[in-house]
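Encoded as structure tokens, the structure appears first; notes follow it.
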Amino acid sequence: MKGVVFIRDLHQHVGQTVTLAGWLYNSRVSSKVAFLVVRDGTGLCQCVVDKAGVSPELFETAARLTQESSLLVTGSIRADERAPGGYELQVSGLEVVHRTSDYPITPKPHGIDFLFKHRHLWLRSRRPTAIMRVRHTVIDAIRRFFNDRGFMLVDTPIFAPSAGEGAQTLFEVDYFGEPMYLAQTGQLYLESAALAYGKVYCFGPTFRAEKSKTRRHLTEFWMVEPEIAWARLEDLLEVAEDFIVSIVQRVLRDNRADLEFLGRDIAALERIQKPFYRLTYSQAAEILRGPQARELLEKDLAEKTARAAELKASIERKEKERVAPGVKKHVQERLAAEILDEREELADVEEQLTNIPKHMELAANFEWGKDLGGSDETIISRLHDRPVFVTHYPRGCKAFYMKRDHEDPRTVRNFDCLAPDGYGEIIGGSQREDDLDALLERMAEENMVTKPYEWYLDLRRYGSVPHGGFGLGIERTVAWICGLKHIRETIAFPRLMGRVYP
RNA sequence: UCCCCGAUAGCUCAAUGGUAGAGCACCCGGCUGUUAACCGGGUUGUUGUAGGUUCGAGUCCUACUCGGGGAGCCA
């Protein structure tokens, strides 16, 4: 809109009279002055209406404005330490574009179910805004990384006639009477593109019909997958390392305020530098069975036990304080809010307390040949302060297209990248099997029908070269960088088991 | 598919098997350069659904629905 200034740019307009186009985020009104906190999508600005300085009609309008009413507000900008954001607008004009009534999301606490049922409105709030901004930066950093390094974008199909791997986890759709599946990876197609153009990537939505109800899973998520001709496992690790570092650096540069708002430990992100740790699967298995993992979990158990006791005592104390005679209402309210928070944390801690012994047992009895479980990944990642590559998994627990390792034929030349702080796997990738006979042998072991894959096998018949690639999950990456407990907050409209609205 | 937890006012939550409550939101009034402002007053209910136990069920039992967390699987 012409003549309208964004709140993000207010620092360039100190001393000037400007117009903001936005919505009322919150207000505080008294007899002589009204504070209107206005949001415009780029930030929040406190707009001050002095009764003495404006017409009685304007003051009355301002005083009766409701949450999320849309408005045009005009006034002069000045720096003021008391204003959130550092700048405020002294109102001289106010036009209400639409008066809202009964906006459902109040500045008070809401439950997660309520918030996701109102996700279309919740997006306006500060926390989702901060997260969506980080997501935007992450995606832009990803595209720049590949584009600046000579990768070509190749979009792969979303309708796929056959399963890449594990048919039971795909969404089946009716394609003119034939069964089709929503793609869970673009990789096989991308290998074809890599042998055509060298360095390629695809970036799009991915669908998994896994019936997972956890904080790490969505049924629809976004994945970026580079695929590189002539690349061996070692090359892929270097690309992945540079890739992650560049994403984190960009977010640190562009979204520091968002990270601070989200309460992220920024120093921990600043430690994300090359080189990442490199472990083979066998080394990871040794760590899981060894004293390091046991000590970590024992320490954890002791800390969580102490924390649980501390929380219980604190909740009890606050309950007593809350109902004591003569306590002010707002103090009661604050105590009630704190009690809720502490109860939530206590429930979390207690769940962890029941899980830790199970995780200890799983880790201690870890057998070579099994895939790493979620808790195993968490242990490995928590024992390191930078991302960890785990390479050379047993052949049996990995997909058919992964290249067999010649030095240890029990393993394949794959890697997972585990984010720190227990966030788990954010990248999975591998060098691909480029030898036709080895690939056919592996497919036979899996009892796979080769006919739907003839085109894929052609890539090994006509100018086969070593090649490989990996997939990075956008939502898991954003959750890690933002320090979120749950992946569902990292996408505007999450699709989970049992949640498709809005 | 399996295991654990939950569902009470528009929202967030209380209520030893015995008359369903508080705060917020909303309305009215007061007050203050306010910071999730504060103070006083007012309005708010088929306790998720269907059965059962009981003199009596928000509370106990069974089934179902929906949601949360986890296992498996994965990014």
Side-chain angles (χ1 to χ4, degrees), chain A residues 25-37 44 46 48-50 64 66-67 80-85 88 101-118 126 165-166 168-169 184-185 206-225 319 322-323 328-337 339-341 343-344 347-348 350-352 354-355 358-359 362 371-375 377 397 399 416-419 423-429 470-480 485-488 490 496-499:
Chain A
Y25 193 73
N26 195 5
S27 65
R28 290 173 285 274
V29 181
S30 63
S31 51
K32 290 175 192 157
V33 61
F35 298 96
L36 307 179
V37 180
L44 294 177
Q46 174 161 286
V48 185
V49 190
D50 269 319
R64 297 191 166 280
T66 49
Q67 199 191 347
D80 191 314
E81 280 184 8
R82 294 168 296 185
E88 65 180 23
S101 41
D102 299 324
Y103 185 69
I105 301 176
T106 69
K108 300 291 175 181
H110 298 282
I112 200 70
D113 187 46
F114 179 84
L115 288 172
F116 272 107
K117 278 181 176 151
H118 295 82
R126 294 182 73 182
E165 43 189 302
Q168 71 284 2
T169 63
Q184 62 166 0
T185 170
T206 294
F207 306 90
R208 304 272 166 98
E210 291 150 7
K211 291 187 177 174
S212 306
K213 290 177 73 168
T214 80
R215 60 187 72 188
R216 297 187 308 279
H217 290 87
L218 297 168
T219 53
E220 176 184 300
F221 65 97
W222 286 67
M223 183 158 71
V224 59
E225 298 174 271
E319 290 278 17
R322 192 170 67 91
V323 297
K328 292 276 189 187
K329 266 186 188 165
H330 74 277
V331 176
Q332 283 182 22
E333 200 194 324
R334 181 180 51 91
L335 286 168
I339 289 166
L340 276 183
D341 281 350
R343 276 199 190 141
E344 198 178 317
D348 222 50
E350 282 180 338
E351 172 139 24
Q352 288 170 31
T354 63
N355 283 336
K358 293 179 202 162
H359 294 169
L362 279 171
D371 206 351
L372 294 178
S375 63
E377 286 180 354
C397 62
D416 282 351
C417 178
L418 308 181
Y423 275 90
E425 186 179 349
I426 54 171
I427 285 182
F470 57 86
L472 172 113
I474 302 306
E475 287 76 15
R476 284 191 184 174
T477 303
V478 174
W480 162 53
K485 269 166 64 181
H486 203 300
I487 193 172
R488 64 191 160 198
T490 63
L496 299 113
M497 238 184 92
R499 189 178 292 287

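Order of the sequence lines sets the chain letters (A, B, ...), proteins ahead of strands, with each chain counted from 1.
For Leu115(A) and G10(B), the CG to C1' distance is 14 Å, given to the nearest whole Å. For the pair Leu372(A) CG and A71(B) C1', the computed distance is 16 Å after rounding to whole Å. We find that CZ of Arg216(A) is positioned 16 Å from P of G68(B), with the value rounded to whole Å. The nearest whole Å value for the distance from the CG atom in Leu362(A) to the P atom in A71(B) is 9 Å. One can place NE2 of His217(A) at 9 Å from P of C74(B), the figure rounded to the nearest angstrom. Distance OH (Tyr103(A)) to P (C26(B)): 13 Å, rounded to an integer number of Å. What separates CG of Asn26(A) from P of C26(B) is a distance of 10 Å, to the nearest Å. Spacing between atom CG of Asp113(A) and atom P of A7(B) amounts to 13 Å, rounded to whole angstrom units.
Comparing the C1' positions of A37(B) and C60(B) gives an interatomic distance of 45 Å, to the nearest angstrom. As rounded to the nearest Å, U49(B) and U8(B) have P atoms that lie 10 Å from one another. Spacing between C4(B) and U43(B) at atom P, rounded to whole Å, works out to 45 Å. A distance of about 35 Å separates the C1' atoms of G56(B) and C3(B), rounded to the whole Å. U62(B) and C73(B) have their C1' atoms separated by 33 Å, given to the nearest Å. Rounded to whole Å, the separation between the C1' atoms of U65(B) and G51(B) comes to 15 Å. Separation of the C1' atoms belonging to G10(B) and U44(B) is 9 Å when rounded to the nearest angstrom. Between the P atoms of G70(B) and C27(B), the separation comes to 40 Å (whole Å).
Both Lys358(A) and Thr106(A) lie near RNA chain B, and the one whose nearest nucleotide falls closer to the 5' end is Thr106(A).
Across all strands, Gln46(A) comes closer than 4.0 Å to base atoms (heavy-atom distances). When heavy atoms are screened at a 4.0 angstrom cut-off, Val29(A) is found touching base atoms of the nucleic acid. Residue contacts for Ile427(A): at a heavy-atom cut-off of 4.0 Å it reaches the sugar-phosphate backbone alone, with no base atom in range. Residue Arg126(A) is classed as having no contact, given no heavy-atom separation below 4.0 Å to the nucleic acid. Among the protein residues, Ile105(A) comes within range of no part of the nucleic acid, since none of its heavy atoms lies under 4.0 Å from any strand. Residue-level contact check: Phe35(A) touches the bases, meaning some heavy atom is under 4.0 Å from a base atom. Asp371(A) comes within 4.0 angstrom of sugar-phosphate atoms only, judged by non-hydrogen atoms across all strands, and of no base.
The phosphate of G70(B) (OP1 or OP2) has a side-chain N or O of Arg215(A) nearer than 4.0 angstrom. Taking side-chain N and O atoms only, His486(A) has a distance below 4.0 Å to OP1 or OP2 of G69(B). Of the side-chain N and O atoms in Arg28(A), one or more sit less than 4.0 angstrom from OP1 or OP2 of A37(B).
The base of C11(B) does not come close enough to the side chain of His110(A) for any donor and acceptor atom to sit less than 3.5 Å apart. Side-chain atoms of Glu88(A) come within donor-acceptor range of the base of G33(B), with a qualifying N/O pair under 3.5 Å. Judged by distance alone, with hydrogens and angles left aside, Arg476(A) brings a side-chain donor or acceptor within reach of the base of C74(B), the pair sitting under 3.5 Å.
For Leu218(A), whose side chain is taken as the heavy atoms from C-beta onward, the closest listed nucleotide among G33(B), A75(B), C28(B) is A75(B). Here A75(B) is the nucleotide among A75(B), U34(B), C31(B) with the atom lying nearest to any side-chain atom of Phe221(A).
For the pair Met497(A) and Arg499(A), the minimum side-chain heavy-atom distance is 4.5 Å or more. Taking the side chain as every heavy atom from C-beta outward, Tyr423(A) and Arg216(A) never approach each other to under 4.5 Å. For the pair Glu220(A) and Thr206(A), the minimum side-chain heavy-atom distance is 4.5 Å or more. Residues Ser27(A) and Leu36(A) are in side-chain contact: their nearest non-hydrogen atoms beyond the backbone lie under 4.5 Å apart.
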Nucleotide pairing, RNA chain B (Watson-Crick or G-U, distances under 3.5 Å), in dot-bracket with [ ] and |:
(((((((..((((....[..)))).(((((.......))))).....(((((..]....))))))))))))....
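The shortest non-hydrogen separation linking His217(A) to Leu496(A) is O-CD2, 3.7 Å. Listed here is the closest heavy atom pair of Ala83(A) and Glu88(A): CB-OE1, 3.5 Å.
In this structure, CG in Asn26(A) is found 9.5 Å from CG in Leu44(A), a value given to the nearest 0.5 Å.
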Report the C-alpha separation of Val29(A) and Arg64(A) in whole Å, then their side-chain angles, then the decisive distance to 0.1 Å, and conclude whether the side-chain contact (heavy atoms from CB on, under 4.5 Å) test is met.
CA-CA 9 Å; Val29(A) 181; Arg64(A) 297 191 166 280; over 6 Å; no
Decide yes or no on side-chain contact (heavy atoms from CB on, under 4.5 Å) for Arg208(A) and Thr219(A), but give the supporting numbers first.
CA-CA 5 Å; Arg208(A) 304 272 166 98; Thr219(A) 53; 6.0 Å; no
Yes or no on side-chain contact (heavy atoms from CB on, under 4.5 Å) for Val48(A) and Val33(A), after CA distance, side-chain angles and deciding distance?
CA-CA 7 Å; Val48(A) 185; Val33(A) 61; 3.7 Å; yes
Table of protein N/O atoms under 3.5 Å from nucleotides 1-4 of chain B N/O atoms:
{"from": "U1(B)", "atom 1": "OP1", "to": "Lys211(A)", "atom 2": "NZ", "distance (Å)": "3.4"}
{"from": "U1(B)", "atom 1": "O4", "to": "Lys211(A)", "atom 2": "O", "distance (Å)": "3.0"}

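Checked by atom type and distance alone, the side chain of Glu425(A) never pairs as donor or acceptor with a backbone atom of Gly473(A) at under 3.5 Å.
For the residue pair Thr106(A) / His110(A), a side-chain donor-acceptor distance below 3.5 Å is found, with atom types taken as modelled.
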